[in-house]
Amino acid sequence: MPTLHTLTNDSISCPLPDRMENVNFYYELENQIHPTYGLENLGMKNLGRVYRNLSVPQLVEQAIEHHEGVLADNGALVVETGKYTGRSPKDKFIVKEATSEKEIDWNQHNAPISEEKFQQLYRKVLAYVQGKDLYIFDGYVGSDPNCRFGVRVVTEIAYHNLFAHQLFLRPSAIELAAHQTDFTVIALPGLQGDPEDDDLNSEAFIVLNLAKKIVLIGGTRYAGEIKKSVFSMMNYLMTKQGVLPMHGAANIDKHGHTALFFGLSGTGKTTLSADPKRSLIGDDEHGWSEDGIFNFEGGCYAKTIRLSAEYEPQIWAAIQFGTILENVILSPDNRLPDYDDGRLTENTRAAYPLRYIPNCAVSGMGTHPKTIIFLTADAFGVLPPIAKLTTNQAMYHFLSGYTSKLAGTERGITAPQVTFSSCFGQCFFPLSPLVYAQMLGERLEQHPETSVYLINTGWSGGPYGVGDRISIKHTRAMVSAALNGDLEEVVFHPHPIFQVLVPEIVPGVPKKILDPRQAWQDGESYDLQARELAHRFVENFRQFTTASQEIIAAGPIWE
Ligand SMILES: Nc1ncnc2c1ncn2[C@@H]1O[C@H](COP(=O)(O)OP(=O)(O)O)[C@@H](O)[C@H]1O
Ligand SMILES: C=C(OP(=O)(O)O)C(=O)O
Ligand SMILES: [Mn+2]
């Protein structure tokens, strides 16, 4: 009996014997049975089966058939990513060629690789895929129809294709038939690079070729690399369209007021933007154009460590059939996820489409933001949990990007590590932070009604190890107050060191928490720690030699 998937001779319009002499016919026939969907244009030959835009159930079936994962009792597909359970920034490279050489801000985040080494790696890719089954996802990034790019994601494993299907924008049948690729991601976790021969840092590689519009990923199964390399590509391409690309979440209320939440990984973009009182536009990557803001993606990638139905009910409920759970441990008793188990990593993740969040903004678009929130996880525990920023302070803090890298998201980070990450995500931005900062400045000038807040979702009452992480409950109360106008009548006082404006009261938040000095047992230790952080801010800001005096003066007072 033929299996469901096998085409029989009967299903081919012309029976074989009459066309035996026609060599082309065999090619066509082969192509009908095993279509390659244009992969030969990438130089890929002698492939196995190529699947394009399979449905969610088909991809889940394939993943299970190939032992990539198992189903949890809540319906999610649970996979393990092996050695790499987070992003590996040291393994990311940008090909240095005539154009990128001039445009890219070459620094520790944007490391170069030669064109020659890229070609060599590409030849390895072509050799590696021979005889292999591959999955294609053809879709889009950019929810604004005027600002979208066709993306093709070619993957070796089914769950990576499901990830692309859930995270990016899916085409309708008509769009799929006319799909054009603007850039391509090829993810082959089984292909390991050779650090010496290929000029890499390890066996893992994420190589962006901006000129050829190709991303090569190998040696790592962590799906976040697919998402964030597409983001890096967007952060390069969008500026050319006059769109400010942003590492931030967005949601909108019923009056059409949009809020943006900038923040480095782990600071709370996904958690706080999923708010039952507001419609989620997107949890991670947006563009700000002349018309308003729009999501680049069509799905979310939430952290699930210690996830609770009480504090993150929407994310909890989004974990269902079609969702991918990465590195989450299943309880052997009931096959339900044990979100408290960080045995494989602290960076356990759930990937699901936006529409799994009730009341989401399906268009993925919003108005010009009324409120902008910069999220920071302060491991020193000295920044106020909420403060209002003047425009110059907003520019200062956007360029500084002070926060902590939290455990797990990046390889090698096991405890909060203080960092200054410009634009709250410097590792994803190929151009100089000044380019993005200038675009933000222009927008803030055009929209003077926009309020900007700095919210510390990190520590309070002492540094990491001594103080506690501010509770989600209190942070949510502060976010709500900032978004629903509750703070408009409140009196603000400038912080003596950081100068940012601290509100006297926030409904639902104890006064003691609002003043960070009061939250510490010993005020003098607080002052010392706060001054140390202020010093770091000032030292870090020295790199921005072209920033205006007003912006420089908006930073913390150190002497
Ligand atoms: N006060 C807080 N605000 C936001 N998130 C918090 C807070 N305290 C703890 N968390 C936890 O921190 C993590 C924030 O992660 P996430 O929202 O995914 O960050 P991002 O999307 O910015 O990478 C979640 O695991 C959340 O449960
Ligand atoms: C996927 C990531 O994004 P975030 O943690 O910002 O949600 C990441 O940084 O790897
Ligand atoms: Mn997130």
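Counting from 1, the numbers follow the sequence of the chain as shown. Not measured: the values here are computed from a predicted model. Both counts, for ligands and for their atoms, begin at 1 and track the order of listing. As a basis for the values below, the full set of heavy atoms in this structure was taken, side chains included, without hydrogen atoms, waters or symmetry mates.
- Annotation: K303 places an N or O atom under 3.5 Å from an N or O atom of ligand 2; distance criterion only.
- The part of D284 lying near ligand 2 is the side chain, judged by heavy-atom distances below 4.0 Å.
- Under a 4.0 Å criterion applied to the non-hydrogen atoms of H247, ligand 2 contributes the atoms 6 (O).
- Distance check: K92 NZ to I217 CD1 gives 11.0 Å after rounding to the nearest 0.5 Å.
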### Task
Please lay out, stage by stage, how D138 and N53 fare under the test side chain to side chain donor-acceptor pair (under 3.5 Å).
CA-CA 7 Å; D138 280 339; N53 286 59; over 6 Å; no

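- Looking at atom 7 (O) of ligand 2, its nearest protein heavy atom turns out to be R349 NH1, 3.3 Å.
- For Y402 and F537, the distance between ring centers is under 6.0 angstrom.
- To the nearest 0.5 Å, atoms CD1 (I372) and CE (M246) are separated by 7.5 Å.
- Contacts of K83 classified as salt bridge (charged side-chain N to carboxylate O under 4.0 Å, His left out), with partners at least two apart in sequence or in another chain: E203.
- With a cut-off of 2.8 Å, the protein N/O/S atoms near the Mn ion (ligand 3) add up to 1.
- The only option from K269, R349, K303 that meets the salt bridge (charged side-chain N to carboxylate O under 4.0 Å, His left out) definition with D284 turns out to be K269.
- Under the 30°/60° scheme for interplanar angles, the aromatic rings of Y339 and W316 are found to stand perpendicular.
- Looking only at heavy atoms of the protein, atom 10 (O) of ligand 2 is closest to R87 NE, 2.7 Å.
- E68 pairs by the salt bridge (charged side-chain N to carboxylate O under 4.0 Å, His left out) definition with nothing, not counting sequence neighbours.
- Here the CG-CZ distance, from L208 to F183, works out to 9.5 Å after rounding to the nearest 0.5 Å.
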#### Entry: Candidate pair N235 and S232, rule side chain to side chain donor-acceptor pair (under 3.5 Å), full reasoning
CA-CA 5 Å; N235 295 340; S232 298; 5.2 Å; no

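- Within 4.0 Å of ligand 1, counting heavy atoms only, the contacting residues are L264, S265, G266, T267, G268, K269, T270, T271, K303, E312, T457, R469, I470, S471, I472, T475.
- Between T270 and ligand 2, a contact under 3.5 Å exists for no N or O pair.
- Checked by atom type and distance alone, the side chain of H286 pairs as donor or acceptor with a backbone atom of G248 at under 3.5 Å.
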### Task
Go through the steps for Y436 and F429 under the test ring pair (Phe, Tyr, Trp, His ring centres under 6.0 Å), then give the verdict.
CA-CA 9 Å; Y436 305 101; F429 289 93; 4.7 Å; yes

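- Given atom 5 (O) of ligand 2, the protein heavy atom at minimum distance is S265 OG, 2.5 Å.
- Contacts between F424 and ligand 2, counted as non-hydrogen atom pairs separated by less than 4.0 Å, are absent for every part of the residue.
- In this structure, CD1 in I281 is found 9.0 Å from CG in L354, a value given to the nearest 0.5 Å.
- Here the protein heavy atom with the shortest distance to atom 1 (C) of ligand 2 is Y301 CD2, 3.3 Å.
- The protein non-hydrogen atom at the shortest distance from atom 3 (O) of ligand 2 is K228 NZ, 2.9 Å.
- No hydrogens or angles considered: nothing links the side chains of S143 and N295 as a donor-acceptor pair under 3.5 Å.
- Listed by number with element, the atoms of ligand 2 under 4.0 angstrom from any heavy atom of K269 are 6 (O).
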### Task
Let me see the working for Q518 and Y526 under side chain to side chain donor-acceptor pair (under 3.5 Å), right down to the final yes or no.
CA-CA 9 Å; Q518 261 195 56; Y526 172 86; over 6 Å; no

